[in-house]
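Structure first, then comments.
A, B, ... follow the sequence lines: proteins, then strands. Residue 1 opens every chain.
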Amino acid sequence: MESKTEAAGIEFKLFQEMRQQLYRYAIGILGSPHDAEDALQEASLKVWRHTGQLPDQSSVSAWLYRVVVNTCRDHLRKKKRRPEPRPLEVHTAQTRDRYWVEFEAMIAHLPERQQEIVILRFGLDLTFKEVADVMMLPESTVKYQLGKAIDTLRQEYKQGEEAAGNEM
Amino acid sequence: MKCEDVRTQILEELISPEAGRHLEQCAECRSFLATLQRMKLTVRNGLDTACSPKGLNHKKPPKRVRPLLAVASILLAILIILPFVSPTVARQLEKLPFVENIFRNDEGLREGYTLAGGKEYSVTENGVTFTVHRVVADPARTVFFYSIEGEIAEPYEIEPPRTAWRYGGSGSTHRRETAENGYTGQVELHGALDQDIEIARITLTSQDGVQWPLDIPVEFIQEFEGNLIEGLSVERDGFKLEATVGFGITGTRLDWQVTDIDGIFKKEGRGKIRLSSGFPDSLQFLEMRVQLMSGKQSLRGPYFSGGGGSGISVSSDILYEPITDRTDLKVRAEGFIVGGKPLKVRARKFLWRWNTPAFWLHDTFTRWERVNLRDDKTVITLKFIHGRLAELDDFYLVDRLGNRYELVNSELTIPDLEAAYTKASEDFRAGKITDINLVHNRLEKYYELQFEPLPQDERVFTLHADTVLYKSKTVLEIPVPAE
């Protein structure tokens, strides 16, 4: 009993320490600060209630990401908040949110799993091994999926540029 | 060089001169590289914008603010000390799921909460009121119950005062819930405040940097004399265990540190002492156990524990239930995860068959299941059963001529894991077992290791693993004085 409760304590403490990183991940997936905060709240309760595995610190991190990933997926299923993809290269916002608009437009072109890989790899600077641990996939699959994401976006950027050229 | 190989290097962001030459010639690969760079920049900039203090411009519809708070928002910061707990807030606090949960499993805190009584301390600024409703403090723990009313930039943080504990008990745990017009929550320090402290500062900070500091007079619900046992220490087999024990009305806290005295594991490049082995990727689930025991029995709890390590030491704190009988108490530490000598085993081929004898490694039976020298890679599968071996890593092969072949892929498989866990979960719920993780240790595990290809006609090679972690047999004990 001891080790289980001790594990929950360590996991919860780590969750607090990693909160900013987890928030960054959640906002990337959900696209809304408020949904991200809600998801983190929900995830923190799941962590608190968890009385099972006690990995070492690196495994706990991967597990915490997974809890947040799954919570975000649940939120998306309930709310369907992610906007429909729109052609890339169309920047409507002229404010500092332009970066966010670009990000939203880009990520919406990718399937769920590739979105997660892209955010973990480039948004959180995880190594391929760390991404693989979080996603519970082989590293080779992570690389393959990232390659596919790049190929998808290459096509989208190309079409966007062609469309822009035709308009001119 | 093929496009596929170049793109692999692009993905890994390690582009060789040869791949660079390919890129000069290949527009498709250049486009692939440009897209990756653009994607990386877009993700970083996008998330930086979303997570910056100003956040996004997608504002949530404002919450309904009560007229009283609207008036308060135009006032300067006001520190209010109320003579009693607001019944509404107290009810709200006690309605929270986490408070209910905590009290249900934490009679000590429930008693402490009642004894602490209620004086509220509040600060209001920018339309937000931060209130500490109750502080429960004794020689074992310190808990603040708070609420926030009004619209606050999230995520907010609460910085509590520091504890006076020396080892692992310096952290805190924060839980919160959304309330009708803000939040309520609890901050628990993993240890006690300094017994001489008179004023403790707790500060709320919003995401946009606004702060609400509160200075709160501290009233302990129990005296420290005879209830705080410091300076416990013992050394053995190159390890040192140090501990402090605090006896409180709310609980009993053990604060401990284990040190590898000579730093020998680190010095010899044999890893470092750790709290636990990796899981579920490790060969065994092993964890360092430091606990407070009454005779041969572990005390009930713990509720909280945190921990960390520096490579030559690890420390943590554990909270147990309140103790009334202090006879025959001791602190016991065991199961240190330490680095061992690197693994080096030889495989030799006789006629068509590889001679690969099984071997014991820290009481773990280890067998070669397969050796396959393929054109594109060398595949070796090892099987492990039971024992104290926690992890093997940094694998490579060396041939007769001393050439080294690197690991390119590895996979640990535990065929019966899912079924065993399903069964263990049922047993755990039925109270038949107390540690669900230990089921992992009884299962057979297979490590498939893929290396750069050895020559097909190779007949002798050695398998190396430079990182070997296992559980030490050392046990350390310190009797805790009754007074």
Side-chain angles (χ1 to χ4, degrees), chain A residues 1-7 9-10 12-13 16 19-20 23-24 27-28 32-34 36-38 40-41 44-45 48 51-59 95-104 106-107 118-119 122-124 128 133 138-140 143 146-147 149-151 153-154 157-158, chain B residues 7-8 11-12 31-32 35-36 38-40 42-51 54-58 60 97-98 154-155 171-178 190 274-282 285 287 289 291 298 301-307 316 318 409 411 425 434-437:
Chain A
M1 192 70 180
E2 288 164 12
S3 65
K4 279 167 38 51
T5 319
E6 183 171 330
I10 289 171
F12 200 81
K13 190 175 176 183
Q16 300 295 347
R19 198 177 175 89
Q20 282 297 335
Y23 177 76
R24 194 175 166 87
I27 203 169
S32 148
H34 310 295
E37 190 57 34
D38 285 350
L40 276 200
Q41 281 298 304
S44 73
L45 274 177
W48 177 245
T51 52
Q53 302 116 343
L54 173 59
D56 71 1
Q57 189 155 333
S58 59
S59 300
T95 65
R96 52 188 290 283
D97 279 4
R98 183 173 69 86
Y99 291 125
W100 177 255
V101 173
E102 279 178 29
F103 168 79
E104 281 272 71
M106 184 202 84
I107 209 82
V118 165
I119 292 168
F122 296 134
L124 279 75
F128 278 111
D133 286 347
E139 259 184 79
S140 54
K143 287 178 189 169
L146 184 59
I150 293 173
D151 282 332
L153 292 180
R154 278 174 66 208
Y157 284 132
K158 203 172 165 185
Chain B
R7 290 179 194 186
T8 303
L11 282 176
E12 290 170 349
S31 155
F32 187 89
T35 306
L36 177 138
R38 184 172 183 173
M39 174 193 263
K40 193 170 166 179
T42 305
V43 173
R44 283 192 183 154
N45 285 340
L47 292 181
D48 283 350
T49 302
C51 298
K54 288 186 177 176
L56 296 174
N57 289 339
H58 313 154
K60 185 164 66 167
F98 71 82
E154 305 163 49
S172 61
T173 300
H174 180 192
R175 298 181 207 101
R176 65 177 202 174
E177 286 283 327
T178 305
H190 290 198
R274 299 156 36 134
L275 272 170
S276 69
S277 65
F279 182 82
D281 301 326
S282 61
F285 173 75
E287 63 175 317
R289 277 175 182 261
Q291 53 189 330
S298 299
Y303 303 119
F304 289 106
S305 174
S316 184
I318 304 169
N409 203 3
E411 190 173 0
S425 300
T434 56
D435 196 334
I436 208 166
N437 291 320

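With hydrogens and angles left out, the side-chain atoms of A:Arg154 and B:Ser31 include a donor and acceptor closer than 3.5 Å.
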Would you check, one step at a time, whether the test side-chain contact (heavy atoms from CB on, under 4.5 Å) holds for A:Trp100 with B:Asn45?
CA-CA 7 Å; A:Trp100 177 255; B:Asn45 285 340; over 6 Å; no
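Atom OG1 of B:Thr42 is separated from atom CD of A:Glu102 by 5.5 Å, given to the nearest 0.5 angstrom. One distance of note links CZ of B:Arg44 with CG of A:Leu124; it measures 10.0 Å at 0.5 Å rounding.
Summarising the geometry of B:Val43 relative to A:Met106, their closest heavy-atom pair is CG2-CE, 3.6 Å, with the distance given to 0.1 Å. Across B:Lys40 and A:Phe122, no two heavy atoms sit closer than the pair CG-CD2, 3.5 Å.
Contacts of B:Glu12 with chain A are made by both backbone and side-chain atoms, with heavy-atom separations under 4.5 Å. Looking at A:Ala149, both its backbone and its side chain come within 4.5 Å of chain B, counting heavy atoms on both sides. Neither the backbone nor the side chain of A:Glu139 comes within less than 4.5 Å of any heavy atom in chain B.
The salt bridge (Lys or Arg N to Asp or Glu O under 4.0 Å) test applied to A:Glu37 returns A:Arg19, B:Arg176, not counting sequence neighbours.
The choice from A:Leu146, A:Ile150, A:Val118, A:Leu40 that makes the most heavy-atom pairs within less than 4.5 Å of chain B is A:Ile150.
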